[in-house]
Visitor: 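Following this message is one structure expressed as C-alpha cells.
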Amino acid sequence: MTEILNSLRMRAKRSGAHLSGAERLLNVDELESAAVAMINRALDHPRGCAEWISLKIEEIPCEQLQFSPLPDLFDNRVASWKQGRDLASSFLLDAGVAEVACRQAISFLNNGAAPNGQSMRGAMLIDAETGQRLEPDQERGVRASRMDLLPETRLHLSRELGKAGLNNAHVIEALTLAAKVIQAPGVVAELCWSDDPDYLAGYVASELGGYQRINLMKPAGEQRGGRAFFIQNQRLQLDALIHWLEYQPLMMNRLGHIHKPRSWQVD
Ligand code: WAQ
Ligand code: MG
C-alpha cells in the first residue's frame, strides 16, 4: 500500500451518554463516503438519534502501519443467553482467564460497566487473575482504534460470511477489532456483547481459541453491553498497552477459516 492512510474516527452521544463509535483506516479518496456513512449511522442508531457527533481525521505515518491476519471464526449456537454466557465463561477459562475474573466481567457487563450503570464508551481492562478493573477511566474505558481491513480482504470476508449467513456490519467490525485486541501485548482474551437492544450476539476471542461467536449473550431489548479485555498484569506496562490499542495502526490482510455452525445441547 503506497497511498497515504488516514484514521477516521466517529463518536456520538445522546442525552449526555455514549451512543455510537466507529473507526476506519482509509485512503483520502475513501474518506468522504465513509464519513457520511458514519454520520448516518449515528443519526439512525437503534438506541436513538445522535445529539452530538464528533468526526476526527488524522494522517497515519506509513512507516508505522503493520499487517495481520484475522482470527478463525467459530459459529456457536445456543438456546438461551444464560447458556451463551456459560459457554463464554468456558472459552475464557480455556484461554487462561481465572474463574473469578470471568464472573466479575460478566457481572460488570450485565449491570452496565460505567459508573452510572450504562454501557461504557470503550472497554474495561480486567486483570485475568484477580478480576480487578485496571482501566484509568471507568466511564470512557479504553478504545481499540486505528484498525481496518484491506479493501480486498473486506470484499473477500463479506463473501465468505455471506455463505455462512453472517454477513453483517456487527460481525465484520467485531472480527476486525478482536483481531487487533488479541494481539495486544499482555492481552489474554476478550469478551464482548453488543449494546444494541436488538442485537443479541457476542463473542470470546483469544489468540489460540480464535473468534468464538455466540448467537445469544443477552435478553432481547437489553441495552447494556460492552467489552472486557483480560490482561496479564504482572510486569505489564499498562500505559504501553493502552497506547498500542489506541494508536498502533493495524491492517488485516488475510481471512481466518470460517467454521461450520456448532449447536450446543442444553444440559
Ligand atoms: N474499543 C473498545 N471498546 C469498544 C469499541 C472499541 N473500538 N467499540 C465499542 N466498544 C464497546 C463499548 O462499550 C460498546 O458499548 C460495546 O463495546 C458494544 O459495542 O459476531 O455490536 O458496537 O455477530 O454494540 C458482537 C457480535 C457485536 C458480533 C458487538 O458491539 C457477531 C457490537 P457494539
Ligand atoms: Mg452498538
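Predicted model only: the values in this text are computed from it and were never measured.
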Visitor: List for me each residue that meets side chain to side chain donor-acceptor pair (under 3.5 Å) alongside Arg224, sequence neighbours excluded, and say none if there are none.
Guide: Glu222
Visitor: Taking all heavy atoms of Tyr211 and all of Ala178, pick out the closest pair and write down the distance.
Guide: CD1-CB, 4.0 Å
Visitor: Mind checking whether Trp264 and Phe91 have parallel, tilted or perpendicular rings, split at 30° and 60°?
Guide: perpendicular
Visitor: Kindly indicate whether the side chain of Glu23, heavy atoms from C-beta on, has any atom under 4.5 Å from the side chain of Arg143.
Guide: yes
Visitor: Starting at CD of Gln212, measure out to OH of Tyr203 and round the result to the nearest 0.5 Å.
Guide: 12.5 Å
Visitor: Applying the 4.5 Å side-chain criterion to the ILVMFWY set and letting contacts propagate, would Met38 and Leu43 be lumped into a single cluster?
Guide: yes
Visitor: Contact between Phe229 and Leu241 at the side-chain level, heavy atoms closer than 4.5 Å - yes or no?
Guide: no
Visitor: If only atom types and distance count, is the side chain of Gln118 paired as donor or acceptor with the main-chain N or O of Glu139 below 3.5 Å?
Guide: no
Visitor: Show the nearest heavy-atom pair for residues Met217 and Trp81, with the distance to one decimal.
Guide: C-CB, 3.6 Å
Visitor: So do Met10 and Leu8 actually touch side chain to side chain, heavy atoms under 4.5 Å?
Guide: no
Visitor: Test of understanding: with side chain to side chain donor-acceptor pair (under 3.5 Å), list the residues that count as partners of Asp94, not counting sequence neighbours.
Guide: none
Visitor: Ser145 and Arg9: which non-hydrogen atoms are nearest, and at how many Å?
Guide: OG-CD, 3.0 Å
Visitor: Tell me whether Phe230 is reachable from Trp244 by hopping between hydrophobic residues (I, L, V, M, F, W, Y) whose side-chain heavy atoms are closer than 4.5 Å.
Guide: no
Visitor: Hey, are the side chains of Arg146 and Glu58 touching, using non-hydrogen atoms and a 4.5 Å cut-off?
Guide: yes
Visitor: Heavy-atom count around Asn40 CG within 6.0 Å, excluding the residue itself: above 12?
Guide: yes
Visitor: Which atom names give the shortest non-hydrogen contact between Ile258 and Leu157, and what distance separates them?
Guide: CD1-CD1, 4.3 Å
Visitor: Between Leu255 and Thr153, is any pair of side-chain heavy atoms under 4.5 Å apart?
Guide: yes
Visitor: Decide yes or no for Arg227 and Val181: does some side-chain heavy atom of the first lie under 4.5 Å from some side-chain heavy atom of the second?
Guide: no
Visitor: When you check the gap from the basic side-chain N to the acidic O, do Arg154 and Glu30 get nearer than 4.0 Å?
Guide: no
Visitor: Through direct or indirect side-chain contacts below 4.5 angstrom among Ile, Leu, Val, Met, Phe, Trp and Tyr, which residues connect to Leu208?
Guide: none
Visitor: Quick one: do Val97 and Leu93 end up in the same hydrophobic cluster if we chain Ile, Leu, Val, Met, Phe, Trp and Tyr together by side-chain heavy atoms under 4.5 Å apart?
Guide: no
Visitor: Using a 3.5 Å distance criterion without hydrogens, assess whether the side chain of Asn110 forms a donor-acceptor pair with backbone atoms of Ile106.
Guide: no
Visitor: Strictly distance-based, threshold 3.5 Å: is any side-chain N or O of Lys218 a donor or acceptor partner for the main-chain N or O of Ser194?
Guide: yes
Visitor: Could you check whether atom CD of Glu246 has more than 12 heavy atoms from other residues, nucleotides or ligands sitting under 6.0 Å from it?
Guide: yes
Visitor: Tell me if a side-chain donor or acceptor on Arg47 pairs with a main-chain N or O of Asp195 at a distance below 3.5 Å.
Guide: yes
Visitor: Take atom CD of Gln237 as the centre, draw a 6.0 Å sphere, and report whether it contains more than 12 heavy atoms from other residues, nucleotides or ligands.
Guide: no
Visitor: Is any side-chain heavy atom of Pro261 closer than 4.5 Å to a side-chain heavy atom of Asn215?
Guide: no
Visitor: Evaluate the side-chain proximity of Leu73 to Glu160: yes if any heavy-atom separation is below 4.5 Å, no if none is.
Guide: no
Visitor: Measure across Arg140 and Met120 and return the closest heavy-atom pair with its distance rounded to 0.1 Å.
Guide: C-CE, 4.4 Å
